[in-house]
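Computation of the quantities below employed the complete heavy-atom set of this structure, encompassing side-chain atoms and omitting hydrogens, waters and symmetry-equivalent molecules.
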2 protein chains.
Amino acid sequence: MKRNLSRETRMALEPRKQPRQERSSKVVDRILDAALILTREQGTKTPTTLAIARRAGLSVGSLYQYFPNKEAILLDLARRWLSSFPEVIARRIKVAPPTNRDEFRQEVRKLFIDTSRIYLENANLMPVIEAISGNADLRPIQDEYDEQIIALYAAWLQHVNPALEDKIASRLGVLMMDVGHACRLVGLKRDRKTYDLIEDDVERMWLALVTPYLDLD
Amino acid sequence: MKRNLSRETRMALEPRKQPRQERSSKVVDRILDAALILTREQGTKTPTTLAIARRAGLSVGSLYQYFPNKEAILLDLARRWLSSFPEVIARRIKVAPPTNRDEFRQEVRKLFIDTSRIYLENANLMPVIEAISGNADLRPIQDEYDEQIIALYAAWLQHVNPALEDKIASRLGVLMMDVGHACRLVGLKRDRKTYDLIEDDVERMWLALVTPYLDLD
DNA sequence: AAAGAATGCGACTAATTATTCGCGTTTGTC
DNA sequence: GACAAACGCGAATAATTAGTCGCATTCTTT
């Protein structure tokens, strides 16, 4: 278990080599698929390298042809998810800010729907997201993304109400993110109808959360 | 690492022996204190038995005089926290149900304040709670408590509005718990003033969440 | 088809860490 | 103060797993 990379893990998360031959790029997919399936099966615990290799019909050695360490595999799976949040929120800051209560509600709704879509589209990798949160090595990386997302939520709030103090915006940003995340994780574990009901619940909560701080009208 | 107890862990969580001599009951406290301090220091990862023993000025062997395994130590720390929730919610079900919108708001507020107090009083063991959630062996035990708490929140909702369907009550119960938990964890990491502001935020969200389902008036 | 590069293999290494066990020490009891 | 029970110790055990390395196989190119 040569394991003091943990500190430098961040540097070491890039793929060790680009696949050159066609067979190997399929192998990368097999590895990622195996890791995803196992993470889903096992819930909390991240799968072992041996388990991933076996499931992918490979040997451990082959894993390390393409990934510098186990963490990199999980992170690769989560990468699309992690990066789509900033994109989506940033997009909703580019439009003209609302001028009355009704337009404001519309804006909340849009942000709300866009973020919800991210969850729905990535439903199958929620177990990976949860595993990452529970992993000491990966947690800091997720925290970085979270910081970014919170900052963007805060920016969105100030876009909607430029008079809003930084401190308040950032507090509300954290809560929007965490409430949304917690509720949607619950929702995705239920059937689609319940998910939709929970979405309505979250929307009401978001509105209740931010409305007092956005004295339009 | 004799570690296939995991399955039978549940049986094995009781203290191995009651301390008979006075010196040893102090030792149990020292162990618990050490585990608490280390968990707080290390954040996510649960401390090793060796680290706990060292910090408590003991040897590993002595740990196992009083605890059947490492998990039992953390669980012992969390036990008061885990059990106070059911107590507190159950107490709020015993009073007469509200008859109008204003009394209802009062009831929400009371439940809200009572649960908030649990967080404030146990602020220093939040890292333990988080560590437990991230630990594959302990998670299931916390989940059991969570089930219980959700059921009680649901029962409270039906106490307030007896006409409320089971399914809705349980959905709202989950959300009350998760939203409260997520926000309060954030709050406890901030200063007291911010905690109070977040409490107001949560109260508004709770009200927004449940009000549509409680057609009093 | 032969050379050389890329890929694949899996036994092995090594780090980590939970738990045990036999023995020495302290404490309580008479 | 002597005896047994309780307590304390920590080296040894053993389970688990991440990551390596030299050799084997397959592919690409000419």
Among C:dA18, D:dA18, D:dG8, which nucleotide sits nearest the side chain of A:Lys70?
-> D:dA18
In Å, rounded to the nearest 0.5 Å, how long is the span from CG of B:Asp146 to CG of B:Leu82?
-> 8.0 Å
Rounded distance in Å - CD1 (A:Ile52) to C1' (C:dG10) | 17 Å
Picking from D:dG8, C:dA11, C:dT7, which would you name as closest to the side chain of A:Val60?
-> C:dA11
Between C1' of C:dA18 and NZ of B:Lys45, the distance in whole Å | 15 Å
Write down the distance between CG (A:Leu50) and C1' (D:dA18), rounded to a whole number of angstrom.
-> 11 Å
Nearest-Å distance, OH (B:Tyr66) to P (C:dT19)?
-> 18 Å
Regarding B:Arg204 and the six-membered ring of B:Phe112, is the cationic atom NZ or CZ under 6.0 Å from the ring centre and inside 45° of its axis?
-> no
Evaluate the criterion side-chain contact (heavy atoms from CB on, under 4.5 Å) for residue pair A:Phe85 and A:Met177; output intermediate values, then yes/no.
-> CA-CA 10 Å; A:Phe85 257 100; A:Met177 186 183 73; over 6 Å; no
Whole-Å distance, A:Ile73 CD1 to D:dT17 P, equals 15 Å
Might you confirm whether atom CZ of A:Arg54 has over 12 heavy atoms from other residues, nucleotides or ligands at distances under 6.0 Å?
-> no
State whether B:Thr49 places a side-chain N or O below 4.0 Å from either non-bridging phosphate oxygen (OP1 or OP2) of C:dA18.
-> yes
Atom-pair distance (CZ on B:Phe67; C1' on D:dG8), nearest Å | 16 Å
In whole Å, what is the span from the OH atom of B:Tyr64 to the P atom of D:dA11?
-> 16 Å
By nearest nucleotide on DNA chain D, pick out whichever of B:Ser59 and A:Thr46 is the more 5' one.
-> B:Ser59
Between C:dT26 atom C1' and B:Leu58 atom CG, what is the distance in whole Å?
-> 14 Å
